[in-house]
Amino acid sequence: MTATTQQAVIIAIAGASASGKSLIAQSIYRKLRKDFGPDEIGVISEDRYYRDQSHLPMEQRALTNYDHPCAMEHELLAEHLRTLQQGNTVHLPNYSYSQHTRVAETTEFKPKKVIILEGILLLNNAEVRDIMHTGVYMDTPLDICFLRRLQRDVQERGRSMESVIKQYQETVRPMFLQFIEPSKQYADLIVPRGGKNKIAIDLLAARIRQFLKT
Ligand SMILES: Nc1ncnc2c1ncn2[C@@H]1O[C@H](COP(=O)(O)OP(=O)(O)O)[C@@H](O)[C@H]1O
Ligand SMILES: Nc1ccn([C@@H]2O[C@H](COP(=O)(O)O)[C@@H](O)[C@H]2O)c(=O)n1
């Protein structure tokens, strides 16, 4: 793709932690990749843009509020999206949840026709909102999100049950109420129940298919 070709269409999926953003993004991606290939469509997680904290000791990193907008480098995300829309390749940061910081290696990401973004605070950020074409909000009940997060963070993110509960009470839930839930007003589409909502997956996939065909 060159600077003169069509701009990438950016679909952003936001909502609470463990509301099913990643699951729905991957389900749509897998459905369309079969027909269009990985050069045409890709997924980027907002979590990659958590700020680098390698200069801080581990005990201090664990104290960061990861659900506050300041924890993310949205300005770098917006810059990468603009670069991709201009037809140029970017190097995405990679993030370690166990180390609470970025790792040294980056991942090359070439321009695509459609990019699915997924992350808790995407609809909260005005700069990112200006770049996206469609905003989706996963409206999964918060108690369900908490149970899924507890299971996932213990199994996949190296956390103890106690630490997940403490973090949820101190930052995850309050920041959800302050920043994430109010950002629902910016969504074009609200998806109830979570990442296995088949009708929502089919509708979004059909819409994206139209962009990929042009
Ligand atoms: N509708 C659903 N039914 C059962 N499990 C689900 C559903 N949606 C998501 N999950 C599971 O919940 C966990 C969190 O989902 P995920 O997509 O990672 O959430 P998010 O990206 O919003 O943090 C994952 O283990 C996922 O497989
Ligand atoms: N070092 C970190 C960084 C982030 N988190 C939590 O991740 C959540 C966002 O990711 P989802 O896949 O769940 O949307 C967010 O709620 C942060 O609390 C973390 O625990 N540690």
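Just so you know, ligand 1 is whichever comes first in the structure, and atom 1 is the first atom listed for that ligand. Since the structure is predicted, the reported quantities are computational estimates derived from the model, not experimental observations. Just so you know, these numbers use all the heavy atoms, side chains as well, and skip hydrogens, waters and symmetry mates.
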Inset, instruction - Please check if Tyr66 and Ile165 belong to a single hydrophobic cluster, counting links between Ile, Leu, Val, Met, Phe, Trp and Tyr side chain heavy atoms closer than 4.5 Å. - result: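 Yes, because Tyr66 and Ile165 connect within a single hydrophobic cluster, where side-chain heavy atoms sit under 4.5 Å apart.
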
Inset, instruction - Check whether Ile115 and Ile120 end up in the same hydrophobic cluster, where Ile, Leu, Val, Met, Phe, Trp and Tyr are linked by side-chain heavy atoms less than 4.5 Å apart. - result: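 Looking at the clustering, Ile120 is in the same group as Ile115.
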
When you compare the side chain of [Y] with that of [X], does any pair of heavy atoms fall below 4.5 Å?
{"X": "Leu122", "Y": "Ile13", "answer": "no"}
{"X": "Ser19", "Y": "Tyr137", "answer": "no"}
{"X": "Lys196", "Y": "Leu23", "answer": "yes"}

Inset, instruction - Before giving the answer on side chain to side chain donor-acceptor pair (under 3.5 Å), spell out for Asp153 and Tyr97 the whole-Å C-alpha distance, their side-chain angles and the decisive distance to 0.1 Å. - result: CA-CA 9 Å; Asp153 283 9; Tyr97 296 101; over 6 Å; no

Legend entry - Glu118 CD to Ile44 CD1 distance, which is reported to the nearest 0.5 Å: 10.5 Å

Inset, instruction - Report the C-alpha separation of Tyr49 and His74 in whole Å, then their side-chain angles, then the decisive distance to 0.1 Å, and conclude whether the ring pair (Phe, Tyr, Trp, His ring centres under 6.0 Å) test is met. - result: CA-CA 7 Å; Tyr49 293 86; His74 281 122; 8.4 Å; no

Legend entry - Every residue of the protein that comes under 4.0 Å of ligand 2, judged on heavy atoms: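 Within the 4.0 Å shell of ligand 2, which is judged on heavy atoms, sit Ser17, Ala18, Lys21, Asp47, Tyr50, Tyr66, Asp67, Tyr95, Tyr97, His100, Ile120, Arg149, Arg152, Arg157, Arg159, Gln167, Val172.
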
Inset, instruction - Could you tell me how the ring of His133 sits relative to the ring of Phe211: parallel (under 30°), tilted (30 to 60°) or perpendicular (over 60°)? - result: perpendicular

Legend entry - Residue shell around ligand 1, heavy atom under 4.0 angstrom: Ala16, Ser17, Ala18, Ser19, Gly20, Lys21, Ser22, Leu23, Glu118, Arg148, Arg152, Gly195, Lys196

